Amino acid sequence: MTRHFLKDTDLSPAEQAEVLDLAVELKAAPYSRTPLAGPQTAAVIFDKTSTRTRVSFAAGIAALGGQPLIINPGEAQLGHKESIADTAQVMSRMVSTIIWRTYAQSGLEEMAEYSSVPVINSLSDDFHPCQILADLLTIREHRGDVKGQTMTYYGDGANNMANSYALGGVTAGMHVRIAAPEGFQPDAAIVAEAEALAAQTGGSLTVTDDPVAAAHGADVLVTDTWVSMGQDAAGRDDEASPFTKFQVNQELMNHGNDAIFLHCLPAYRGKEVTAEVIDGPASVVFDEAENRLHAQKALMTFLLER
């Protein structure tokens with residue numbers, strides 16, 4: 001059966017750990033696995049612009065022995081003159097995997113339904129699971145075993161990053177805290193799914209509107225831009241923004257347990273995080289960015305070798 005990676009829970013806790021182990025292996029020996037040798041072609045489709053996703057997948061596919069086929073917005077008939085189902089059936093006869101950075105999660109689900117090759121969600125409006133794999137790898141490198149550690153996310157608790165931190169973090173057995181203002185907290189379905197998973201892994205999910213309490217004793221503090229791609233910035237990005245008190249600053253960091261700081265980038269210094277924090281000694285954001293490459297190589301290898 002073809003395996004896909006559309007959301008964080010498409011990997012079981014054991015499989016997630018296996019992918020992270022493989023990422024460590026591939027970071028140490030970048031060319032030791034070549035599941036795309038041939039070279040086989042991997043299609044990387046962009047409906048949204050990108051820096052880290054584009055570079056990490058293109059470089060990773062090449063390192064795995066393959067050839068990346070980058071399809072930019074407007075360069076294919078996908079979703080316009082041709083249905084997602086037809087596109088999936090055509091492309092999966094020509095490429096070995098399909099990686100798609102898009103808007104609607106439902107589009108990815110339809111692509112996977114009709115594709116005979118692995119489909120990978122490189123970002124949707126609902127989830128960003130590849131980023132979480134990179135973050136877990138980074139936490140492992142700087143803090144040791146991720147299981148049992150506490151990770152606090154600040155900002156829009158209802159966006160794709162918060163959803164993936166909740167599900168991916170709990171899958172790893174972490175204690176995840178989402179600190180977000182009222183009206184911007186996770187959907188009840190995400191909370192219920194994370195809590196059910198936590199019962200199996202020993203992790204937990206806490207949702208709060210108290211930024212200081214959320215930082216207390218945390219091992220990892222993480223944030224994301226207050227305005228996700230495609231969102232209207234009105235009311236989110238000014239001095240009266242409800243997110244202002246959720247800015248990650250040194251005072252919040254001091255409440256942590258010698259915490260490290262993560263951000264998926266791009267970052268807006270002076271908004272969701274201060275320059276003092278993101279440019280300071282606790283910040284590991286550039287290790288995190290590099291680890292997109294290693295985690296995604298491991299994920300592709302895992303899916304392709306099955």
Side-chain angles (χ1 to χ4, degrees), residues 4-11 43-54 56-57 71-74 76 78-80 83-85 87-88 98-115 118-135 153-171 176 178 180-181 183-194 205 207 222-237 241-243 246 262-268 271-272 292 296 299:
H4 306 289
F5 189 58
L6 309 184
K7 61 184 290 189
D8 306 84
T9 50
D10 284 341
L11 294 177
V44 193
I45 308 169
F46 291 95
D47 293 340
K48 297 184 177 185
T49 57
S50 167
T51 299
R52 278 149 295 281
T53 296
R54 181 178 182 131
S56 59
F57 268 111
I71 303 173
N72 290 311
L78 175 61
H80 302 287
S83 70
I84 293 172
T87 300
I98 299 169
I99 299 138
W100 193 8
R101 180 179 174 93
T102 188
Y103 294 91
Q105 184 74 12
S106 59
L108 283 155
E109 292 167 356
E110 185 175 356
M111 181 77 80
E113 180 181 355
Y114 289 94
S115 174
V119 175
I120 295 172
N121 176 5
S122 58
L123 179 140
S124 72
D125 287 345
D126 290 345
F127 304 103
H128 197 357
C130 289
Q131 181 66 56
I132 304 309
L133 290 177
D135 289 6
Y153 167 88
Y154 287 92
D156 185 354
N159 73 2
N160 51 6
M161 288 305 305
N163 291 342
S164 278
Y165 279 120
L167 297 180
V170 167
T171 296
V176 180
I178 304 293
F184 297 93
Q185 295 186 344
D187 185 83
I190 294 291
V191 173
E193 186 174 3
L205 175 65
V207 179
V222 57
T223 190
D224 182 27
T225 174
W226 293 337
V227 184
S228 295
M229 191 175 292
Q231 287 182 328
D232 184 356
R236 285 174 168 260
D237 207 24
S241 168
F243 298 110
F246 295 88
L262 298 176
H263 192 307
C264 65
L265 303 179
Y268 298 89
K271 295 291 186 179
E272 69 271 13
R292 285 288 300 278
Q296 289 163 185
L299 174 67

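Every value quoted in this text rests on a predicted model; they were computed, and no experiment measured them.
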Nearest 0.5 angstrom please: [X] [atom1] to [Y] [atom2], how far?
X: Lys48; Y: Ser122; atom1: NZ; atom2: OG; answer: 10.0 Å
X: Ile178; Y: Phe184; atom1: CD1; atom2: CZ; answer: 15.0 Å
X: Arg292; Y: Leu265; atom1: CZ; atom2: CG; answer: 10.0 Å
X: Cys264; Y: Asn160; atom1: SG; atom2: CG; answer: 8.0 Å
X: Ile84; Y: Ser115; atom1: CD1; atom2: OG; answer: 12.5 Å
X: Ile190; Y: Asp8; atom1: CD1; atom2: CG; answer: 9.0 Å

Name of the residue among Leu133, Val119, Asn121 meeting side-chain contact (heavy atoms from CB on, under 4.5 Å) with Phe5 =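 In the set Leu133, Val119, Asn121, the residue that makes a side-chain contact (heavy atoms from CB on, under 4.5 Å) with Phe5 is Leu133.
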
Under the criterion side-chain hydrogen bond (donor to acceptor under 3.5 Å, both in side chains), which of His128, Glu109, Glu193 is the partner of Lys7?
->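 Output: one option passes, namely Glu193.
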
Does the [X] side chain pair with the main chain of [Y], one donor and one acceptor, at a distance under 3.5 Å?
X: Ser164; Y: Gly168; result: no
X: Thr102; Y: Asp47; result: no
X: Gln185; Y: Gly157; result: no

Are [X] and [Y] close enough that some pair of their side-chain heavy atoms sits under 4.5 Å apart?
X: Phe246; Y: Thr223; answer: no
X: Asp224; Y: Asp156; answer: no
X: Cys130; Y: Ile120; answer: yes

Taking all non-hydrogen atoms of both residues, which atom of [X] and which atom of [Y] are closest, and how far apart?
X: Leu205; Y: Val191; answer: CD2-CA, 3.9 Å
X: Arg101; Y: Phe46; answer: CD-CD2, 3.6 Å
X: Gln105; Y: Leu6; answer: NE2-O, 3.0 Å
X: Gly169; Y: Ile132; answer: N-CG2, 4.5 Å
X: Leu108; Y: Ser124; answer: CD1-CB, 3.7 Å
X: Pro181; Y: Gly155; answer: CD-O, 3.6 Å

Intermediate values then yes/no, side chain to side chain contact (heavy atoms under 4.5 Å, CB included), Asn159 and Tyr153 | CA-CA 11 Å; Asn159 73 2; Tyr153 167 88; 3.3 Å; yes

Between Gln296 and Ser56, a side-chain donor and acceptor under 3.5 Å |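 A donor-acceptor contact under 3.5 Å links the two side chains.
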
Under 30°, 30 to 60°, or over 60°: which ring-plane class applies to Phe243 and Trp226, parallel, tilted or perpendicular?
->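 It falls in the parallel class, under 30°.
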
